[in-house]
Each structure stands twice: as C-alpha cells, then as structure tokens.
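Note that the coordinates shown come from a computational prediction; the quantities given were computed from them, not determined experimentally. Sequence lines set the chain letters: A, B, ... in the order given, protein chains first and strands last, and positions in each chain run from 1.
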There are 2 protein chains.
Amino acid sequence: MNIRELARRSGVSTATVSRALNDRAEVSEATRAKIRRLASELGYAPNEPARTLVRRRSDTIGLVWDSGQEALGQHNPFLLGLLSAVRTALSDADYHLMLLTTPGEQDQDGAHLQAVQRHNLEGVIVLTTPPDDRCLRVLADSTVPCAGIDTAFTGPRTVRVSSDNAAGAEAAVQHLYELGHRRIATVTGPLHLPPAAERLAGYLRACSRLGLSVPPEYVTEGDFFLASGEAAGKRLLSVPDRPTAIFAAGDQMAIGAIHAAADAGLSVPRDLAVVGFDDIDAAALVRPALSTVAQDQRGLGVAAVEALRGLIDSTTVDTVEAQPRIIPTRLLIRGSSRPGV
Amino acid sequence: MNIRELARRSGVSTATVSRALNDRAEVSEATRAKIRRLASELGYAPNEPARTLVRRRSDTIGLVWDSGQEALGQHNPFLLGLLSAVRTALSDADYHLMLLTTPGEQDQDGAHLQAVQRHNLEGVIVLTTPPDDRCLRVLADSTVPCAGIDTAFTGPRTVRVSSDNAAGAEAAVQHLYELGHRRIATVTGPLHLPPAAERLAGYLRACSRLGLSVPPEYVTEGDFFLASGEAAGKRLLSVPDRPTAIFAAGDQMAIGAIHAAADAGLSVPRDLAVVGFDDIDAAALVRPALSTVAQDQRGLGVAAVEALRGLIDSTTVDTVEAQPRIIPTRLLIRGSSRPGV
DNA sequence: CCGCCGATCGGAAACGTTTACGGCAATCGG
DNA sequence: CCGATTGCCGTAAACGTTTCCGATCGGCGG
C-alpha cells in the first residue's frame, strides 16, 4: 500500500494525497477528509525513507550514551531515567530516535559523524559520557547540532545541559548547617569531570558563606562508586576533628560513607549526617534512607531537546558560544540527615 | 557527496561504485581498491534512506520498553543493563536501532505496527512490558518478527526470551536448605506475570523435592516494589511458625523484607536469611548485601537478537509456535544469607 | 578463424515520496 | 463583459541508491 495505490483508489493524484496527508493548504476540505478516511481504512503508512530522501530531513535525532563505564560492568544508575525523559520529550516534539553505538576498540573515530550523515540525522543528544571519547570529540567539532547532558564537550553547534550542581551542593550544605552541623566534610567525584568540580565549588562557596572552616583533610576525592565512598568515609572519620556531617557528590559514595560510619560504630544520622547527590533508585531503598540532591531528569530531558531544536532551527552557526542550560535541583530530606527518625 | 559525485571522480559509473562498496563480486580488485580509497578520502557515506528505499530493507530493528511503570515514576532498575546488552548485541549483528515510543492515552493502538511499516523495520525487540499493552498486542498478532524479553506475548512470529526463572528460584531455595533452613517462606510478584508465576513454581518444586512443608501463609503476593516486600515480611514474621528464611521473587521486595526484619528486631542473616531475584544495582549497595539470583543480561540480549534473526530469515511463518529461549541464572551469595559474615 | 564464455563495466529503470510548475475553472473588481 | 485573481488539482522531475540487462573485450577450444 503506497501513495500511488491510495491515490488511485481516491480518484486523485499522488500530489493531492501528499498534500492532504501533510496538511498543506492547497486542497479542499472535502477531498482531504475523503483521503484521510481511506488512508486509515486501508492502513496506509507513509514510507519514511522515501520522505527523508526527497525532503532531505529525517525528523530523527541520534542518541548516544556512556559506553565507557559499562565496560567495567558498572552502569550509571542515573541513566535510565534520563533516557526515558529524553525519549518522551523527543517524541512529544515529533522526532524519531535512533540509538548510536560507540564502536569497539578499532580506530573508528568519526563513527558517530558517519552515522549522522548516513541516516540524515538532524542532531544528537549525548548522555553522560567520559570526556575523552574521541568519537564524540569529532562529533562536537563538526557542525552537527549536539546537546549533551552532563558532558564536557564544546563545539561550534554544541550546547551543554546540566543540573545546577553548585546550587545543589550549596543547598545540601545549608541544610546540614541548619541542622546544627558545623564540621561538614565532603567527598567529591573525579575532579576533571565538570559536575564533580561544580559540586565541590558549591560546597566551598556554602562553607565560606556560612563561615565554616574547611580544613584540607575535609575534602577527599572519590570516583562516584561505592568503595571510594566507603574509603573516604573511613578516612574522614579518623581525622582529629571528626566531621559531624558529610556531603557526598554522588549517592553511591554517600551510601559507602554510611557503611563506613556503621563499621566505626557510629549511628546515622545521630552521630553522622550524610547527604548525597543524584537520587538514584537505591537512595530510597537503603536504611537509613538517603537524603540527597535530586536531579530533575525530566527537566534535563526537555531542556536538551529544546536546546537541540534551537540549534537545528538556527541556520547560522552561532559565533557566540551557546549558553549552557542549567536545571535546578531539589533537596530530598530523608533519614540519613533527619535526626527525628 | 553522493555516489554520483564519487563515481565521477573515480572515472567509473555509479553501478560500479555501488558494487565496489557492497563487496559484490563483479568488480576488479584494482578498481575496488581505488574506489574504496577515494571514498574514505572524500568522507563519503552512503545514504541509508535511499538504500532502504530501493533494497526494501532497512537493517534496522525497533526497540520498545515498559512505559507502564514509568508513569508512576517507578523504573525497573533491571532495564538499563538489558538495554545495553541488546544494543551491543544488535550492533554486533550490524543492525541499526530505533527507539519506539508508546503513545499517550489516545487510542493509538497499532502505533508500533505503524512505526514498523513507516520505517521498514525488520523486527522488534520488546523489553519487560505489562501484559495488557494493546499496542504490543497488535504488534504480536501481526507478522512482524518480535522477540520479547520477559514478556507475556505470543503471536505468529513472536518468540519469548526469558531467564530460567523456575530453576533460579529452585537454586535459591536449595541454597537456603543447605544452610540448614527448613522453614522457608516466599514473597512473589504479581502472579499474572509469567516470571512471577514461574519463580513461585520453582520455589514450590524445590520445597516438595526437599520435603519441606509449605503452609499457605508462607506464600504472599507482592508487586515487585519495596513497600510490598516490607509488608509481606511483616506478615511472614508474625505467623505462628515463623520462617527462618525468605525467598523474594524480586530484589526490591527482598530489601523490604530485610527492613521488616530489622523493624522486628531480628538480625539478618542470623535470625532470618533472605535471598532475592534479579541482582539490581542496589543489591550490592545495601547492608547486609543481598544474596540474589542474578539474571544474565548479556545472555538475554544476545539470545533475543539471535532469536529475532531466526524469525527474520525464516520466510515461512512457522506454524509451530517458536520455542521460548531460556537463559540460565546464577546464584550470588552475599551477606543476607551468609551466616559467617 | 569463429563462436562462446567469463570477467568487468555502463545505461537506465526502479523504489515511494515531495514539490515546482502549470492548467483549468470559478470568482471578482471595474 | 473582460482581465486578473484565487482555489484546487495533475504532471513530472527530482532525491540517492541498487540491480537488471546488455555491451565490450580478451581468451579459449574447436
């Protein structure tokens, strides 16, 4: 069932059918209705590849995510929600979605760029990838519109979307301060990653604003995974002036810190309060439940497609670097920082 | 840069270029090499929509997942790993991947089928969706090749891929039995879901094989989420002949049961051993770490694409219902069932 | 020397759309 | 009543490939 057949049965030309189905003005309401009805009766579905071929646009955008971490069998538990958010935001904007795969170890740089050309993709959304991915470097350097969530790339038509990491960290520290804590330590993520650096900056800013002293041993660097949080917790709990609260830049590390406290015979939140970042699924499952700075996944998703549409529609390559989109976070207070429980 | 331009620069016809790049035999090695070199120099990438149009196949398969659960903001934490597995398995088989979106509340049944026609998709992989999804019902009833992981659909060209739920449950019970437990209870998933029913069947089979009595109050139905496991645990711990071990058909429920034990002043695993199912991320993060029946996500992924390829290649609609593919599970013994810790 | 065959290539017709262009009525302003 | 405008529609040319059908050419057996 193609457009020719449908045209034959409707008694009109293929041009008219095309116009009717695409809501063009130059067709009478009567024939439009007739064609519409017949199309749905016959189960006609337009052939997208053919449309793409002649229109030179596919209404499709590409999606690529990490690849780095899963080599270690480690998934970013934050990713799934982001994925869903992006998916629904894109389909709300009537885009189709194609998953791109980062190539194996071959020197297939430019794989993503090739995929974009092959499929006529109009843009790419990138989710939390390591900053040294060469495929992505090539992509960002090209003129392909890119929107990256929690990525470190810049380029001629690349825009970054990110949570307000600094403000989130600041709110966490503020919260701990209001609970009466004055000795607040932090465990950071790998500081070469922008989100990790920004969260540390927020922590430092809050401390200075609140007049809290931050001895150097109060800041330890982790890798976002559980074990590093546990090690950091152990270290922090053995310094002379033991902190009474810890802000961890990631939930897994926060849970690790709680484990360290338990091992040291300390009770959370009585002896040590802990606040994490991200609100991964496990945060609500552990006991005590983890207080955390929740990222607005849906907000990140819609901001990414909005930004991407902006890039796609703007024909001119913006000379001014596109402003990053910052999405506010939300502090979730749960058992790990709520003395009353 | 299209094939015509490339042909012009190579001094041959478009037909020859096409043959050279597609590894057809009727072209000499010399010209093939020259064309190849020129193509990569000029950054030529074939236009997939055009190829799809004329070849009538897209080398693309569709992917659809739940949609039901995320309405409640609840994600299946097991999904992300499955997604990655399917993605890599598909790209290893040189397929492209398109994400399908389940429509909103409109009566858009047939949306998936339409998408398949529109994009010339060669098959669809379905991940853990509710059994009452009408879009999927339509899809499964069609002749579109479908491979479903943990789904309840059957159809003319639909094959089901699933973990060996019964054997996994049996292994869990066997493990608890070997630890000395004789009063082993279970909390199941919603029993209208095949995986939940199969896990219960495995539990029952193991109990009967081991000569364990199963009083009716030892079997309680949950919904795979945390709260239901906590409630079930509370109930199980208050029956007259209190069980010493619980097999939960899902990790979140298992964690809930552990919480219930803690609330009752019982220590896990000393007073109560708990084994879960799935090995979600949180299983390794909670304390005590959760013993669980791990599903082989990678195995499920490759089995799904293998099965799908089988369906695609077989031109004849198999009159015999396709045999489901069963993937073995692996018992992970961690703190929640290891008395030594 | 002649017909045949295999290897290698080119010409051109598809594939299913969209859209520029032109045509034909009916309508309208004067 | 006439020219111009407007509304509606059909014809046909693209879009970038693949592939069928020949064509050419050198070699080979008879």
Point to revise | Length of the CG-C1' vector between B:Leu53 and D:dT19, whole Å | key: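 Between C1' of D:dT19 and CG of B:Leu53: 14 Å.
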Exercise for review: Report the distance from atom CZ of A:Arg56 to atom P of D:dT17, rounded to the nearest whole Å.
Suggested key: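 Checked: the CZ to P distance equals 11 Å.
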Euclidean distance, [Y] [atom2] relative to [X] [atom1], rounded to 0.5 Å:
{"X": "B:His112", "Y": "B:Leu136", "atom1": "NE2", "atom2": "CG", "answer": "6.0 Å"}
{"X": "A:Asp150", "Y": "A:Ser163", "atom1": "CG", "atom2": "OG", "answer": "6.0 Å"}
{"X": "B:Leu6", "Y": "B:Asn2", "atom1": "CG", "atom2": "CG", "answer": "8.5 Å"}

Check your understanding: Who are the salt bridge (charged side-chain N to carboxylate O under 4.0 Å, His left out) partners of B:Arg4, not counting sequence neighbours?
Key ->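 So B:Arg4 forms no salt bridge (charged side-chain N to carboxylate O under 4.0 Å, His left out) with any residue.
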Point to revise | B:Arg24: salt bridge (charged side-chain N to carboxylate O under 4.0 Å, His left out) partners, not counting sequence neighbours | key: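 With neighbours one apart ignored, the set is empty.
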Review point. Which residues in residues 42-51 of chain A have at least one heavy atom lying under 4.0 Å from any atom of DNA chain D?
Key: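 Heavy-atom cutoff 4.0 Å gives no residues at all.
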Between the protein and nucleotides 6-10 of chain D, are there any N/O to N/O pairs under 3.5 Å, and if so, what are the atom names and distances?
from   : atom 1 : to      : atom 2 : distance (Å)
D:dC9  : OP2    : A:Ser28 : N      : 3.0
D:dC9  : OP2    : A:Thr31 : OG1    : 3.2
D:dG10 : OP2    : A:Ser13 : N      : 2.9
D:dG10 : OP2    : A:Ser13 : OG     : 2.9
D:dG10 : OP2    : A:Thr16 : OG1    : 2.5
D:dG10 : N7     : A:Arg19 : NH2    : 2.9
D:dG10 : O6     : A:Arg19 : NH1    : 3.1
D:dG10 : O6     : A:Arg19 : NH2    : 3.1

Point to revise | Residue of the set B:Leu121, B:Leu308, B:Val86, B:Val116 for which side-chain contact (heavy atoms from CB on, under 4.5 Å) holds with B:Ile61 | key: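 Of the listed residues B:Leu121, B:Leu308, B:Val86, B:Val116, the side-chain contact (heavy atoms from CB on, under 4.5 Å) partner of B:Ile61 is B:Leu308.
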Less than 4.0 Å between a side-chain N and a carboxylate O, is that true for [Y] and [X]?
{"X": "B:Asp141", "Y": "B:Arg137", "result": "yes"}
{"X": "A:Glu306", "Y": "A:Arg309", "result": "no"}
{"X": "B:Arg32", "Y": "B:Asp23", "result": "yes"}
{"X": "A:Arg55", "Y": "A:Asp59", "result": "yes"}

Exercise for review: Decide yes or no for A:Arg56 and A:Asn120: does some side-chain heavy atom of the first lie under 4.5 Å from some side-chain heavy atom of the second?
Suggested key: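 A side-chain contact is absent here, since even the closest heavy-atom pair is not under 4.5 Å.
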**Study point:** Qualifying residue for side chain to side chain donor-acceptor pair (under 3.5 Å) with A:Glu48, from B:Gln117, B:His119, B:Arg118
**Key:**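 Option passing the side chain to side chain donor-acceptor pair (under 3.5 Å) with A:Glu48: B:Arg118.
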Check your understanding: Using the C1' atoms of the five pairs at each end, what is the angle between the end axes of the helix from C:dC1-D:dG30 to C:dG30-D:dC1, to 10°?
Key ->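 Taking five pairs per end, the axes differ by 40°.
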Exercise for review: Identify the 5'-most and 3'-most nucleotides of DNA chain C with at least one atom closer than 4.0 Å to a non-hydrogen atom of chain B.
Suggested key: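 So the contact region on DNA chain C extends C:dT8 to C:dG16.
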Check your understanding: Just by distance, do the side chain of B:Ser18 and the backbone of B:Thr14 share a donor-acceptor pair under 3.5 Å?
Key ->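 Judged by distance alone, no pair lies under 3.5 Å.
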